K.L.:
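Once you've had a glance at the structure underneath, I'll fire off some questions.
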Amino acid sequence: DGGITQSPKYLFRKEGQNVTLSCEQNLNHDAMYWYRQDPGQGLRLIYYSQIVNDFQKGDIAEGYSVSREKKESFPLTVTSAQKNPTAFYLCASSIAYRALVGMNTEAFFGQGTRLTVV
Amino acid sequence: KNEVEQSPQNLTAQEGEFITINCSYSVGISALHWLQQHPGGGIVSLFMLSSGKKKHGRLIATINIQEKHSSLHITASHPRDSAVYICAVRFSSNQFYFGTGTSLTVIP
């Protein structure tokens, strides 16, 4: 079955360590996204990638890095420069919007990873 | 300014009640998603809509493109429905915007 997988569901790290969150999809989706959720707040965009080997900063990219070396994978690294890394992280993927062929609505969300830095 | 507005923010219902959660957005979209987030944080995709209505079990989602509004209905609510329900819209830029969620508690 096609889908999007985030792992692990829960992750604990010591302060000052970099940590990489995994997001893999086998849906042949061009676009992938990372979001962060803090208590009482909506999900906010960290980084997104519309195509392999290309990615763009979202609203809260500081302290994070990503790579998109393969279409199916979009790992997010939470660096030690991120001041408040403890949060819930959500990965999503979608078929890229192509104006010439009209709207395309397929998109999927991972289950999320809850990162706690102590 | 949030592109997506959800209401209510919090909702408490008695078991068996019919529940409605609303989502409004500001501009034209390519798709709207309803997500469910349980305590502990795991996200489950419930529906993806671009028009009309979808039903899955006790859950019904509707969307009115002209009014830029969607509703999620839960019939015969049950305590296991207690969760945060999140509306997410995808605009033509292929960006997602999320509502802040509706926290639902169903009391036995």
Side-chain angles (χ1 to χ4, degrees), chain A residues 2-11 23 27 29-51 56-59 86-116, chain B residues 1-10 21-54 61 63 65 68 70 83-103:
Chain A
I4 181 168
T5 303
Q6 280 186 251
S7 60
K9 189 174 180 181
Y10 299 98
L11 189 55
C23 180
L27 301 158
H29 283 171
D30 292 309
M32 296 186 75
Y33 313 79
W34 275 106
Y35 297 90
R36 170 186 170 131
Q37 184 188 48
D38 293 286
Q41 294 191 38
L43 289 142
R44 294 178 292 166
L45 182 65
I46 305 172
Y47 267 99
Y48 67 101
S49 168
Q50 299 281 23
I51 197 167
Q56 305 294 330
K57 291 183 179 180
D59 301 321
T86 294
F88 177 78
Y89 292 88
L90 182 68
C91 180
S93 72
S94 70
I95 292 177
Y97 176 77
R98 295 183 177 87
L100 292 178
V101 297
M103 296 189 295
N104 194 317
T105 59
E106 184 176 293
F108 285 82
F109 295 89
Q111 280 202 322
T113 294
R114 187 164 294 279
L115 172 65
T116 302
Chain B
K1 176 183 175 297
N2 196 3
E3 304 286 351
V4 182
E5 299 285 345
Q6 267 187 255
S7 63
Q9 277 193 312
N10 297 285
I21 299 170
N22 297 298
C23 176
S24 297
Y25 49 92
S26 55
V27 295
I29 62 170
S30 60
L32 182 144
H33 301 255
W34 281 104
L35 311 175
Q36 181 190 54
Q37 185 175 33
H38 280 283
I43 292 273
V44 175
S45 291
L46 299 175
F47 294 104
M48 181 174 65
L49 294 164
S50 54
S51 64
K53 176 180 174 179
K54 287 190 176 179
I63 188 167
I65 299 296
K68 298 184 177 60
S70 175
V84 174
Y85 292 84
I86 299 170
C87 173
V89 300
R90 185 150 63 105
F91 296 113
S92 59
S93 61
N94 217 27
Q95 297 279 1
F96 289 97
Y97 289 86
F98 297 84
T100 52
T102 295
S103 179

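Every chain is numbered from 1, with letters handed out A, B, ... down the list of sequences. Side-chain atoms are counted along with the backbone in the values below, which use heavy atoms only and exclude waters and symmetry mates. Not measured: the values here are computed from a predicted model.
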K.L.:
Taking side chain as everything from C-beta outward and backbone as N, CA, C, O, which of these in B/Leu32 sits under 4.5 Å from a heavy atom of chain A? Side chain, backbone, both or neither.
P.N.:
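For B/Leu32, no heavy atom lies under 4.5 Å from chain A.
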
K.L.:
Where does A/Leu45 contact chain B at under 4.5 Å (heavy atoms): side chain, backbone, both or neither?
P.N.:
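A/Leu45 touches chain B through side-chain heavy atoms alone.
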
K.L.:
Could you give the distance from OG (A/Ser94) to NE2 (B/His33), rounded to the nearest 0.5 Å?
P.N.:
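Between atom OG of A/Ser94 and atom NE2 of B/His33 there are 8.0 Å.
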
K.L.:
Measure the spacing between CZ of B/Phe96 and OH of A/Tyr35 and express it to the nearest 0.5 Å.
P.N.:
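Going from CZ on B/Phe96 over to OH on A/Tyr35, the span is 5.5 Å.
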
K.L.:
Check whether more than 12 heavy atoms from other residues, nucleotides or ligands sit under 6.0 Å from atom CD1 of A/Ile51, and answer yes or no.
P.N.:
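Not more than 12 within 6.0 Å, no.
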
K.L.:
Could you measure the distance from the CG atom of A/Leu90 to the CZ atom of B/Phe98? Nearest 0.5 Å is fine.
P.N.:
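Rounded to the nearest 0.5 Å, the CG-CZ separation comes out at 5.5 Å.
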
K.L.:
Working to the nearest 0.5 angstrom, can you tell me the gap between B/Gln37 CD and A/Phe109 CZ?
P.N.:
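CZ of A/Phe109 is found 12.0 Å from CD of B/Gln37.
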
